[in-house]
Structures are given as structure tokens and as C-alpha cells.
Amino acid sequence: MPMEKTFDAKTAEPRLYQMWEDAGAFKAGANASRDETFCIMLPPPNVTGHLHVGHAFNHTIMDMLTRWKRMQGYDTLWQPGLDHAGIATQLMVEKDLAAKGLPKRTEMGREKFLEKVWEWKAANGGQIEQQARRLGDSMDWSRSAFTMSGAESAPATEKPGNFHDAVLKVFVEMYNKGLIYRGKRLVNWDPHFETAISDLEVENIEVDGHMWHFKYPLAGGETYEYVEKDEDGNVTLRETRDYISIATTRPETMLGDGAVAVHKDDERYAPIIGKLCEIPVGPKEQRRLIPIITDPYPDMNFGSGAVKITGAHDFNDYEVAKRGNIPMYSLMDTKGNMRADGKPYIEEAATAQRIANGEQDFDEAMIAAMNMVPEEYRGLDRFEARKRVVADITAEGLSVMTVATDPRLEKPLKAPVAPEEGGEARTDADELVPLVEAKKIMQPFGDRSKVVIEPMLTDQWFVDTAKIVGPALDAVKEGRTKIMPESGEKVYYHWLENIEPWCISRQLWWGHQIPVWYGPMKVDGEWKGVQAFCAPTESEALLVAEQTYAGDTRVGTQEEVLANGFLDENDCVVIYRDPDVLDTWFSSGLWPFGTLGWPAEDEAMKYFPGDVLVTGQDILFFWVARMMMMSEAVLGKEPFHTVYLHQLVRDAKGEKMSKTKGNVIDPLDMIDAYGADALRFSNAQMAALGGVLKISEDRIKGYRNFGTKLWNAFSFADHYEIPYPGDAARPETTQTLNKWIIGETGKVRETVDAAMEAYRFNDAADALYAFTWGKVCDWYLEFSKPILQGEDAAAKAETEQTLRWVLDQCLILLHPIMPFITEELWQQADSRAKMLVHADWPTYTAAELVDTDADREMNWVIDLIDNVRSARAQVHVPAGAKVPLLVTGLDAKGQSAWDNNHVLIQRLARIESLSHVNDFPKGCVTIPMDGGTFGIPLADLIDVAEEIARLEKTMQKLGKELGGLRGRLNNPKFVESAPDEVVAEAKANLALRENEEAQLKAAIARLAEIG
RNA sequence: GGGUGAUUAGCUCAGUUGGUAGAGCGCUUCCUUUACACGGAAGAUGUCGGGAGUUCGAGCCUCUCAUCACCCA
């Protein structure tokens, strides 16, 4: 049956994938013929995720590596799985509930909600795993892992797994080693999701903001001499002030101010350091007085040089407040609204004043309970509160005023032009307005919620990263793990060397609930305070608690304890579990071994440590660094020896893809249009180390065409009815042509392997493209035609066998990049021992296969054909016309090359015959070659002027080269200092070029005679 | 402000111890010649961002300027 005209990717790809999967071709250890393992951990996509171009790219890299190693007989595992993605999934399910008109999360409660999440997962989760199959990914699906597998809430219908055990075990171990602690810290708070998030989940974006300038009056109407000086110490301003000027971008946080700080060297404020000033907002009678302190933080040249200190709502202020033991008043609730709880403002303000006056001691818990928001602002949204605070202060006349022409204003008036200069005086320009500077400010946003992040003082769990960062740094520094491209290592060092504690608790429900139970603590015989019991299970925690309390103990809910205390009516101690869950990245950090059955002693642990991690460089800190730290902390070993980082995949213009821009390329659309192989080839080809990844549909289309070219090469073999036995050994060859192509195959195999080993996938792809198209199709198939059609049965048989062997090598070498079309072509042969996916990767070398003489001869033949074709085209010999060829001074080598290959040359260059002559006749096109000068006699056909022009153009090019070569060789310093082989090469090159030059000169002279 | 990287043909990009620039796409001309028009043949196009330095020799190394991108404050 003749082959179809092209490869039908649409129908063949699903069929082939099914065949592989049914055969278990991707299972861990499939096709293994040696003990060495090769393991890649798929960066687990979110369970809510869909395949995008970034996945398509790095899956291609991982699949190429895995297929390549599997064909080499390694015991391979490409481990797939899904990440439970705490925030993203919880959000998705909440949206789903809203869309279906079901009760809200908070209304249905934790248990019921988690049930819904699992239901959602079963129905909609993990679609990406089906999409990955369309790419041809050779993962062991039977092992697909899930970061929440084995959770208490998981329904029985879920695939069994123990990832949950692994996560809790690690938490408990780290807790016991003192690597995890709980504390009240200022953290990034997402008011939308009402949870803490880590530094990495915050995006700082520059936005247009404002800077307000307010007057904080000095206590008791006190005044001081305020003096400003220029650089030379000349006084530029001197006035008596009864206030200190404060600049802020966040007026609503003034309510929580604990102090005003100035730099100790700031002479302007020296007279008032240690005095009290008044926060100019809130009920007039209860205005709070706060101290003016010194701290190194204020920048004398920024704003007024004086900074209000709101420890509970700003990271810099937090540090200042800690240094100065300044109370940090929290002003907002979990939604980012102004607090509405606590005592009336009058009482709170009085207490705060006593603290500020040093008349009352305070502790963390006491401060946390105080609500410093006056009644009029309570319950307001934080941005609304800001507006109201600004309006109130301004109305009271406590804004710093400036002229309306002040350039710092958002819309300053133009300075008036004096009447004598032709303008008119304007009174409005003299008017004073509040000083509100227009200012670009960096504002933190939640990377998922996109709302403004609020620094909040809350109790959270932290990993003491400083204690576990060492081995992760050493692993890279000592080369046990290599990060590619190398620039990634610098970035890695920089981050790890400046690492901050990692906030790992999240106020969410979907995730690994923190395995800590709280109970009361007895101090001096009295119940006072809280103590924690950390254990992997409730029963173990209870056991410890019972021993501790030596009495009746049970587990209750947090609500119960908050309402009734730790002791119930029967004097039974009640403990409750921390309601928070762990940061998703805490569990992802365990991916390299949690997927392999750990902590159980599973056989699959032989795949740890894995080999290569392929991921986007944007995730270096989020994930890579944490896997390094966690693997070292838990197993004392780095999780992989190579990290391959790639950039974000962009569109053809290099822009980020976004739905709003409408430039999103869906990899599945590309697969639909051009087939997975074309997309994969394009991905491989753009995988230059450290390169910018720009995906282009034209390029993908070009590689679809390449697939068709390969298809047609087989169609060619089919057409010539070349037997396709399959799995035939490399034939013994006598024909130069066959020796040559086998040598070329040896070269390309080495190039491909070297490129793959160096993670230079673009080089591998390019080499295969050039070999298959440029060598096999363009030359070898064309050269084989006369033999295949000829009478020499032995030569024909040998060529048939070689051709089949070479085409098979193309399939094998291309398979990791283009698995579908190659497997399809492979399967055409009747008898194959194995599928191509399990075929043996070749090990032959160029040294073994290259026949130097054959190589030289065929290159000479190709050169001659190229030159004849070029000459013909330039002097407009009709493409179909057969012309005679003349030659002078053909040496023995040239003669033998001609004799061996004249049939090929004549056919491809359209030559009728070859005649030896002593001199070329008039009107002859000259073709200089190594070993003889060829000519095409065209007599009257030739346009002499045109031919002279052609030769002179060639001479010009040659002249440039000759100039360079001669210049170098005439320079004694070059000959002295350059390596010998470089000099020798230049010399040989020069001789060759000079010979060519002589031939051209002669030809031009001959033509000149006619002219 | 700190860090990292980029700037090479019309476009998108390669170019690994410094030896005198390449690919794909696009473009021009010719060709439906029995594998392939998703094709074949021929061809054009580059002061390798600007400047300086090291060197016999620089796209590559050093300095500097410019522009852009990303990451972190």
C-alpha cells in the first residue's frame, strides 16, 4: 500500500500515544538494560492548571532527556504529579460554589468545604495530565503523585498515596530540631484571601501615589527655632514652629503611630528630641502624644527628615519600633478594614497615653488587644479611612501648606508672568494649598489576589531558614549541584546568603493542616499561657498531652476553647489543633522524595537523588532553593545534580503573553495545526542556554515541513520499492557514496550526543535538521537514484541496505525530539524487535565510521556540482538543458573522483559528456576546482561581458579572503605567536585560494581576448 | 537604588578555551525534472549597539557610554 502523502498527525498521534501507554512503555524502568537510574521530577503543575507554552517548552526538554536515556538503556523515571495549590484551588472552588448558588465556604464550615474541594478535584482537576499526553510526554502515569494524597480529608475514591505523611513527618522533625518556630511577626497579609503570604508571593509594582505633609503639634503648645541650611551652611529658612512636619504616603496608619523618629545628626530637630508631639487626628480631647525619638532609619534628605513610626503596618517602622521598644498598634482586621473591636477609643487612648508617658508597662498581647481606631473610622475600608483622615486633618488646618505653583504638587499652577513682561498678575497663584506631592510609590500586591498587601502583626509559623541554608549553598558551591546557565548560580547565592525567615503558615483550609495542638500551660501552679504539642497525628499529640497534664484530656475545637477556655465543665483539659495550613511550597519542597514513597522504605527511593530539574528561572527561589534546603535538611543530600533553568516563554515579538494583550499562544492549538512533533522541534531548537524564548508560529510550521520532508524520504524508499526488513545491521560497504553517508551518520550521532549531554538542545536539533535535510535528502537520496535504477545488482543491493539503515538512524536520533512521526515510520517495517521508543540508541563513532577518502571524494563531487549549477544559473543556461563539460589539467585524484562518480555528477549537474582539452575554446565558462579546471563551452550562447562580470565578482570575494590570509602570513608576529596548526591551516588555505585565483585570472584573460 | 542578562542579515535567533560570521522564516529569479510545491535550483542582504583598550589577530576578553528586558529592594 503506498504511503499517504503526508503524516496525519491528528489521527496518528493519539493512536501512537495509546499504543505506548498500553504497552507500559513509559513505566519506571521500562527498557532498562543497565542499573544506572535516570530520574526527572516533573515540576508539579497546579491541580487547577492548564497546559501553556511554558509547560510545553520544559516538558519537551524533559521528554527529550528521558526518551534519550531510556533508549540508552538507563533505568528511567519521569515522575509526574499535581500540586494541590492552596490559594489557587481554594479560590477556584469558592468561585464554583458562588456560581452554583451554594453556601459560602465560611457558611458550610471546614469539613464540608474540603469535601467540596475533593469533589471539584475529581471532576475538574488535573486536566493538564491529559493535555501533557498530547505533547507526547513519556511520564510514568501510573505513579502520578499528588501533594495532598493521604490527607485525612481525602475521600476513599482518591488514588492512595502518602505525600501527606511525608509533609507532616518533615514538619514534626524540623519542629523537634528547632528549625520551625511560631511567633508574632510582621508579615505580608493578603486582605482578599485573609491569609499571610511569603515575601515571594508579593509583587511590588510602581504606582502613582501621594505624599501628604502634616503637622504634628508639639505638646503643650511648645515652640522651637526651626532652621534650614544649604550645602555651604548658609541659613535659608528660619522660623518659629510649634509643630514637627511629617511626610507620609499612608495617613490612615497615623492612628497607630507609636513615635516620631528623626536622625540623631539632624540639627533641625535637635531642640525637640525627647519631647512629645500630638497625632493630629481623632477626637480633639483624646489626641495621643507620642515621643520624638532618634533612630538611624530616617533619611535626613527625604521628605521632612522626620518619620512617623507605625510598627504594626510598615516593615521599616517595625524594625525601628523593635529597636526602641515602641508599641505597635494593629489598626486593621483580616479584611483590611479599620478595626471595630475592643474597648471605646477614649479608654484605649488613655491607656496608650500612659504607656507613652512611661507610666504603664505593656506586653505584646496587651498591645494586640488594643484598638486605637477612633469610633468615627471604625469599620471603614482602609482606603476610605485614608480619605477621611486626610480630609479631617486638612479641615483642621494641620496640613503643611504651600503655594499653588509648587512644582511638587500633582497639578501645580504655572508661575504667573509679571505684568511688565506682558503677563497678568494672578491672585490664585499666591493662594496656599495643602502640600500633597504626586509621587511614584512601590506598592505591594498579592500575586494571586492582585489586592494591596497589608503588613500585619500576626502569629505565624516560620522556618528558621538561616539554620538550614548552609548545606544548600554548599551543594552548589562545591559543584554537587550545577545550575545552568551559570548566571543562575550567582542569583541563587545572592538570595540564599540574604535569606529571611520563611513564613509557612497560611490562614486557609485547603492544604496540610499544621500538626500542632495547643493546650494550657501551668506556671507556678496556675494555669497561665499556652503550650504546643507537635505530633504527626492527633492521637500521638493527645498521648503527649495526657502525659503532660496527668489528667483527663481531650481534643476540642478552637472555637470551644476560645469560648470556654482550656478546661471544660468536668475539669477535663481541652486541646485544639492549629487551624492553619502549610504554605504550598513547603510541600512542594519535598517533591523530590515525597513522590518516591518516602518516608516508607520504597524501592522507588532508588531514583533519589534525581538527575536533572528543568524549570523556569522565575521559580528558582520559590521552589528550587527550597527543595535544595529541604532535601539537605531531611535526607542530607542534594535532590538533583543539575538544574536547568529557562526563561519565560514569550510571543514572537518577545512580549509576555497575557489574556488582556490577547497574544496568548495555546500549545494545543499549535498541536492541532502542525502536530506535536513540530511544536516539540521548535521548542528544542529555541532551547539555547540562557536564551530568550520567543515562540513563533512560522517556525513551528517550518518544522512541520521538516517532518514532511522526513516522511517523503520514506516515501522515496517506498517508491523505489526498497525492502524494509527492519532492524537490519549496518551493511558492509564498497561504494564510496555509501561509505560517505555512513560516515556522516557517525558524525551526527556524536554531535547529537555531545549536544544533549551539554544541555544544548538547539545544537542537537540543528545538527539533525541539517543532516536529515541537507545531507540525506539533498544529496544522498539524489546520488542513490542512478544506482537504484542501474544494472549493478550488488551496488544496488548495498545501496538499498545503506539507505534503509541511514533512514532508520534518522528515526532513532530524531525520536527524542519528534517521537510520533518517527515511531509511525518505524512501525512500517514488518518486523521490529521493539518499538522505536525502546530502540537501542547507537554508540558508533565518527572515528569508526568515517572513511576519509570517501569523505574527500564526495565533498569534491558535491563541490563540482554546486559550482556547475551556480555557473549555469548565472549565465542563464536553461535549467533543463544538458551541456558538455571540458576539463584541463585534471590530476589523478580528480580523474578518479570523476570516474567513480561521473554518473551522479552528470545527472545532478545536467552534463552531457566530459572532454579533456589542452585549452578552453573561446566563449567558455570557467569553473576552478581543486585538481583541475572545468569549463562549459557555450560559444555563441555566452554573454562575454556577463561572464567577465561573474568571474570578477568571484575574484573580488576571493581577493578579500586572500588579503586577509596574506596579511596574516606576512606578519612575522602572527607566524611567531599563533599556534602551529593555525599557521599551517592558513598556509594551506592560501595555496588553495591562490590556485583558484590563477584559474580565474586565466579565464578572464581568455575572455578579454574575445571581447 | 542593587543585581542579572541582552544589543549579530528584513524578522526571530545561534555562534563553548579569541583565528576573521551562520540557521530558520521572509525576500528575488528560475523550475510542476517519476520522494517531496509543507518541494527543487540559484541569489541578495551584516561598519556583529557607539567609543576606547588588551592582542599578531576581538562578535567573543577589559573599560566606558547608550538602549532594552527581567529579578530584588
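Here is the naming used below: chain letters follow the sequence lines, and residue numbers restart at 1 for every chain. If you're wondering where the values come from, they're calculated on a predicted model, not measured in any experiment. Only heavy atoms go into these numbers, but all of them, side chains included; no hydrogens, no water, no symmetry mates.
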Q: Counting only side-chain nitrogens and oxygens, does Ser870(A) get under 4.0 Å of the OP1 or OP2 atom of G43(B)?
A: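 Yes, such a contact exists.
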Q: Within the structure shown, what part of the strands sits under 4.0 Å from Arg869(A) by heavy-atom distance: base, sugar-phosphate, or nothing?
A: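 Counting heavy atoms under 4.0 Å across all strands, the contact made by Arg869(A) is with sugar-phosphate only.
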Q: Relative to the ring of Tyr644(A), is the ring of Phe761(A) parallel (under 30°), tilted (30 to 60°) or perpendicular (over 60°)?
A: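 Phe761(A) vs Tyr644(A) ring planes: perpendicular.
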Q: Using the P atom as the point on both nucleotides, what is the distance between G18(B) and G1(B), in whole Å?
A: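 Approximately 35 Å lies between the P atom of G1(B) and that of G18(B).
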Q: Taking NZ in Lys747(A) as the centre, count heavy atoms belonging to other residues, nucleotides or ligands within less than 6.0 Å. Is the count above 12?
A: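 Yes.
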Q: Under 4.0 Å between any heavy atoms, over every strand shown, what does Phe706(A) touch: base, sugar-phosphate, or nothing? Just pick one.
A: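 Nothing, no nucleic acid heavy atom in range.
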Q: For the pair Arg966(A) and Glu997(A), find out whether any cationic side-chain nitrogen is under 4.0 Å from an anionic carboxylate oxygen.
A: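 A salt bridge is present here (some side-chain N lies under 4.0 Å from a carboxylate O).
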Q: If I pick the P atom on G59(B) and the same atom on G51(B), what distance separates them, to the nearest angstrom?
A: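 It comes out at 13 Å once rounded to the nearest Å.
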Q: Answer yes or no: does a side-chain N or O of Arg760(A) lie under 4.0 Å from OP1 or OP2 of G15(B)?
A: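 Answer yes for this pair, as a side-chain N or O of Arg760(A) is under 4.0 Å from OP1 or OP2.
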Q: For Glu782(A), report the nucleic acid contact type (base, sugar-phosphate, nothing); a contact means any heavy atom under 4.0 Å.
A: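 Since a base atom lies under 4.0 Å of Glu782(A), the category is base.
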Q: Quick one: does Arg699(A) reach the base of C25(B) with a side-chain donor-acceptor pair under 3.5 Å?
A: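 Counting by modelled atom types and ignoring angles, no donor-acceptor contact under 3.5 Å is found here.
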Q: Start at the 5' end of RNA chain B and walk down; is the nucleotide closest to Trp773(A) or to Val776(A) reached first?
A: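 Nearest-nucleotide comparison on RNA chain B picks Val776(A).
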Q: In terms of the nearest nucleotide of RNA chain B, which residue is placed more toward the 5' end: Asn705(A) or Leu781(A)?
A: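 The answer here is Leu781(A).
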Q: Would you please confirm or rule out a distance under 4.0 Å between OP1 or OP2 of A35(B) and any side-chain N or O of Lys785(A)?
A: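 Lys785(A) to A35(B) OP1/OP2: side-chain N or O found under 4.0 Å.
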Q: Is G10(B) paired to anything, Watson-Crick or G-U wobble with both distances less than 3.5 Å, and if yes, which nucleotide?
A: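 Looking at the geometry, G10(B) pairs with C25(B).
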Q: With a cut-off of 6.0 Å (strictly less than), are more than 12 heavy atoms of other residues, nucleotides or ligands near NZ of Lys973(A)?
A: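 Check fails, neighbour count at 12 or below.
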Q: Quick check on A23(B): is either OP1 or OP2 less than 4.0 Å from any side-chain nitrogen or oxygen of Tyr769(A)?
A: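 The answer is no; no side-chain N or O of Tyr769(A) sits under 4.0 Å from OP1 or OP2.
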Q: If you look at every strand shown and take non-hydrogen atoms under 4.0 Å, does Lys701(A) touch a base, only sugar-phosphate, or nothing?
A: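 No contact at all - Lys701(A) keeps every heavy atom at 4.0 Å or more from the nucleic acid.
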Q: I'd like the C1' distance from U8(B) over to A21(B), given in whole Å.
A: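 After rounding to an integer number of Å, I get 8 Å for this pair.
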Q: When rounded to the nearest Å, what value does the distance between C1' atoms of C61(B) and C71(B) take?
A: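 Nearest-Å result for C61(B) against C71(B) at atom C1': 27 Å.
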Q: Can a donor-acceptor pair be found between the side chains of Asp763(A) and Thr751(A) at a distance below 3.5 Å?
A: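 No pair is found: no donor N or O on one side chain lies under 3.5 Å from an acceptor on the other.
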